[in-house]
Amino acid sequence: MLKFIFSKIKTNTALKKIKAIQANQGQKDQPSVKLLRSLDKNLTIFKEVLGESNDIITREFICGQTQMKAVLIYVDGLTNVAVINENIMKPLMYDSKLTDSKNEAKIKNINDFKEIMLSAGDVKDSDAFDELINGCMSGDSVLLIDGFSSGLIISSRGWDMRAVETPQTGSVVRGPREGFTENMRTNTALIRRKIKDPALKLEVLKIGRKTQTNVCIAHIEGVANPGLIKEVKDRISKIDTDAILESGYIEQYIEDAPFSIFATIGYSEKPDVIASRLLSGAVAIIVDGTPIVLTAPLLFIENFQTSEDYYMRPYFASVLRLLRILSFAISVLAPPVYVALVSFHQELIPTPLLFTMAKAMEGTPFPAVIEAAVMLLTYEILREAGIRLPKPIGQAISIVGALVMGQSAVSAGLVGAPMVIVVAITAVSSFVVPDQADSGAIMRWLLLILAGAMGGFGITMGLLIVLIHLASLESFGMPYLSPLAPMRPADLKDSVIRAPLWLMKTRPTGMARQNPTRQKDNTPSKIKNPTK
Amino acid sequence: MKNSIGKMLKICLSLLLCLALSGCWNSRELDSLAIVMGYAIDKSDEEGLVDMTAQVAVLSDGGSSDNSSSSSNTASSEAYWNITRTGSSIFTILRDYTHESSRKLYSPHNQVIIFGNDLAKNGIRDYLDFFLRDHETRLNVWILVAKDKASDILDVKPKLEKIPAIGLSDLIEDQKATSETVQIRIRDFLERLISDTTASIAPLVEVIGEGKDQIVEMSGTAVFKQDKLVGELNKTETRGLLWVLSKVNSGIITVEAPGGTADLEIVSTETQVNVEILDDGSITAHVKITESGNIGSQTGSGDLSKTDNVKILEQNMNDAITAEVFSAVEKAKELDADIFGFGDMFYKKYPQQWKSMKENWDELFNEIKVEVEVDAKLRGSGRIVKPAYPAEEE
Amino acid sequence: MATNLEKGRISGKQLMFIVFCYIQGGALLSGSIVNITKQDTWVVIVTGFTVALFIAWIMVQLAKSFPDKTLIEINELVFGKIGGNIISLLYVLYFFLLTTLDIDNLTSFITGFVMPNTPDTAIALVFTFVCGYAIYKGINVIGRCSFLVVLLTIVTILFNSFLLIKDMNFNNFLPMFSLPFMDYVHGTHLTAVAPFGGSICFLMIFPFVKEKKHMAKYFYLGGAIGFLLFLFIVVRDWAVLGTVATYMAGVTYQVVGLVDVSDLFTRLEVLYSIILVLGLFYTATIEFYSLTLSIAQVFKAKTYKPYIFIIGIILICLSNIIFSSVSEHSYFTANIDPAFLGFFAALLPAITLVIASVRGAKKKQGSEIV
């Protein structure tokens, strides 16, 4: 009787503590509640915490010659049933019968189970409830055996996931077409396939109280600066929130300049891009559940570089880079400059063009600023609608938008034809650098307001403000505008142009201080010895 | 940090409000501008006043409901509108235009400024001042003097262009082909005007013909003393002047040739002028012209590919050019106007002596001895080598 | 102490670029000098540069004697607490006037040529705000942007000049050396102090340069290249316009407006106005920065950032009232400005240097420095 009450009390205390921990999950220095020896008690506690959800399976069985009671707890849907059946249940239930009881007496603690009896791959032992519960919820199977005060967490994860396919962002003409998936393990595997160096280290943190998302920090030991690694780790571990649903959450929590319109942490969906950034000394952050992998630090110029640049030959790659920068400039500057020219500086327009534009704008009711603002707004609406609509209707919208709205607006005399052309050019060029579409859009609006108020002077001041802001940004210690703003001549080879690969001997200045050299002299022999 | 973010936001907001509330003082919509293409300034019938005509480009195509104010024109809507007003100075007239025009005049695209003959005789310096001071005028505007009334020039509808002023501006640009007219921008005019001794020049235009068949023609150069019109150079004299100024681009000179005449095309020229004060106090200017050209066409059956004939042609060319230069010098001496800029050249070379020379430059200029040395070369003869005549019996 | 106020550091090369941009702000408005020395302006620029070099040398010497100390601290060390404070306050006033002059330069340029109807205050407001923003971010940022501005300036000027080659006439420079001697002296005085007059500001910036050893070299180099470009611009302007230039307000602006290559490259003065605004931005920012920093130091503040806003407002008001007419402005620039700048940029530092070396000599003899 007493024993019963006693055990009940024990159970309840443990239960209360666990509930308390669950409520305060994520805080550090939590006392961990230890398992009890009795299987029944443990099982009761487990059932209390996990509740009666339909997908949580508790499989009780007997194992071994000594008829030990054991329970396997796992979540259906998150586990690979074959592993459970073949690698856990079979050895414990079936093969154990084949050994003789003499060996079983050797089983002193749970570790022996781990080392001798189970044929599963990744097995950890733990005596803390929260670890076991976390493991169970992540898709591992939890094995509790009567009489032992620790349990085993056996890796048995397996679920339906998307296959590795071409990513939707970052499509290339030449280069690998693999993209990350939502599964962290697949992603790390894709990276490992690119960098086979054992110095590639992956550390996993669990962030987010309710989501317990696995966040993996990858870096190449000896290449990335230790300070950078530490900084990234510190910032991520300090995050204390309910949920991390996507890498964007991590990005917004740890970025250097949350109030800036420019992103200081880069992202990519392609393993070759991440691998090349790792090799430059960056740190990659892989978040379970999203194919978007973050890299820190990010320089402004990297927004204009694509992986394809490096797979092409240098001349055209440089031309393309310049084209991208030019397109970005056009997409940001075209409407404001047009408004400034038409409203303030008409003397800058060549005379024949002035006639055409004046004719076109004759009779339009609104000043140029308002026209520009309305057209840009329309464009933004169309663009956003085009993303959300299902594919069949999406085509119709673009035709409706372009032909009907644009053409009719001009014919009705609401806007002038040049304005429509300017907005169209803006729209098209903003897609050349899709990563910067967001910051570009905001800059466009700000510069438009300034241009409408003060013409060319306003635009100059606006650009100056942007320049100062960009120059003051730092991404994890690296100045945002290098290699242009703090002049780093060695890095100019890979900024607005792309020098031949055999000239790019060093990693970017400031990163990888311990290991700055990428390659030895690889100058093609024809250049070294032209006569031969 | 929170405080300063709030403060920053407030500052930015107040700045933005400033921009919005102000109303963008300088912003002008394109359809509120009357784009001026040409100005013509004449002496008014009333004493002491001037007439100014501004040629404004009319851009409204005329939509569906058009109460066209240019109903004074005929059925086909004109592409331009000449407004004439009278006043005492340029700036007052310009502002006065607002009494008549629904849009404010906009000058940066102005192509030409034409001065009437009577006005030029009285002096144009006062009227130039506005065009130099105003921000909207450009230093590249062409200056012209009309043979008679300036506003007549702007009334002539050009055959190939829509707006007379543009036609006139293109006409001036085309003069390079014959080099018988000077091309003067307001900045060139100013440069000569501020010099103590150099006479200003401007091309002359006149209206030829009657009624619908009127055309505008360039007909020589107007010569100013200070800012008053004193005389003219005809086309040949103008080219003589251009030879000395090294501004001949191209042109045709007809010379005597064995067997007839030949039209020689000037392809490239270079002139160097050397001024000298001789020991006896007299001054000379030594003009050395090098020229090369082609045979454009010939009359007669002389075979101009023979070297002897070529030499004859070159000599004739030398003579022709020298004659042109001397005709210009004669006319300049007659008008007492140093159009060649010899005075300035003396200043640059002999700054000390110039101080005393400046005083009586008029007499000195009259006595200046101009020596011309021409070196003409015939480079090519076109597509054919010999004239298309049957071979003559030698 | 200074190093607590400002955490940023700039490299030697960035110092060079900053000096270059600083000179451009003054150089691009070279109109008044051309009026005096006409075709021999290039001569006075060369001679002016040699004098300016001497002034720069004084500053470098001061900086070398007191490494890591800003001007205010140097004054305190040299003149004692009270004397130092008085001299520092004089400098503060000087910086105020310098910055106001530059803001006024900018507003008169914009209202003169680009947007005539806009009230001065609006332009000064926006401009001062941007300068204040740059200072708020620190010298670090100013240094980082300098390279881009330098690049843009040089490329634009070369491009414009290239297109103007066909309009250049080197006969305009004759006759040479035929002006009265006093004109040359006047001109030299102007060129020595006008673009480089506020160079004393750099004494507030020297402590923040990372490489002390080569700092002098970069300083001289920046000044030399700046003056070279100045010379280039003046030569080009005179070659294109000749005597007409003496009549123009804003010579370089008019010259660039003359570019007319086959109707394609016309009306390029917008490019020029952009680099002028950038140059003036740098000049005003450096002066504004020295002003803020020196006020913060004189009043022993922990950081200079709160002062930016207030000083900015004062500057905007001052720039409105500083000149009552255009002729007053040009009279000031031609006649009063050189003396004014000469005193503060050359004379006072020279005196400081002399006293410092005297005191330094005393120090070697064992007496204590205050």
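Convention: sequence-line order gives letters A, B, ...; per-chain numbering from 1. Because the structure is a prediction, the values reported are computed rather than measured.
Two residues are said to be in side-chain contact when any heavy atoms from C-beta on lie closer than 4.5 Å; A:F457 and C:L106 meet this criterion. Residues C:R144 and A:L481 are not in side-chain contact: their nearest non-hydrogen atoms beyond the backbone lie 4.5 Å or more apart. Taking 4.5 Å as the limit, every side-chain heavy atom of A:M461 sits out of range of all side-chain heavy atoms of C:F129. When side chains are defined from C-beta on, A:M454 counts as touching C:V126, because their heavy atoms get closer than 4.5 Å.
Interatomic distance, A:L464 CG to C:C145 SG, rounded to the nearest 0.5 Å: 7.5 Å. Taking OG1 of C:T285 as the start and CD1 of A:I468 as the end, the distance is 6.5 Å to the nearest 0.5 Å.
Only the side chain of C:K137 comes within less than 4.5 Å of a heavy atom of chain A; its backbone N, CA, C and O stay farther away. If you measure heavy-atom distances from C:F281 to chain A, the contacts under 4.5 Å come from the side chain alone. With a 4.5 Å cut-off on non-hydrogen atoms, C:V277 touches chain A through its side chain but not through its backbone. Residue contact with chain C, scored on non-hydrogen atoms closer than 4.5 Å, is absent for A:L463. With a 4.5 angstrom heavy-atom cutoff, A:H469 touches chain C via backbone and side-chain atoms both. Only the backbone of A:L473 comes within contact range of chain C, judged by heavy atoms closer than 4.5 Å.
When each of C:V270, C:I123, C:I274 is checked for heavy-atom pairs under 4.5 Å with chain A, C:I123 comes out on top.
Of the options C:N140, C:V141, C:I142, a side chain to side chain contact (heavy atoms under 4.5 Å, CB included) to A:S472 is made by C:V141 and by none of the others.
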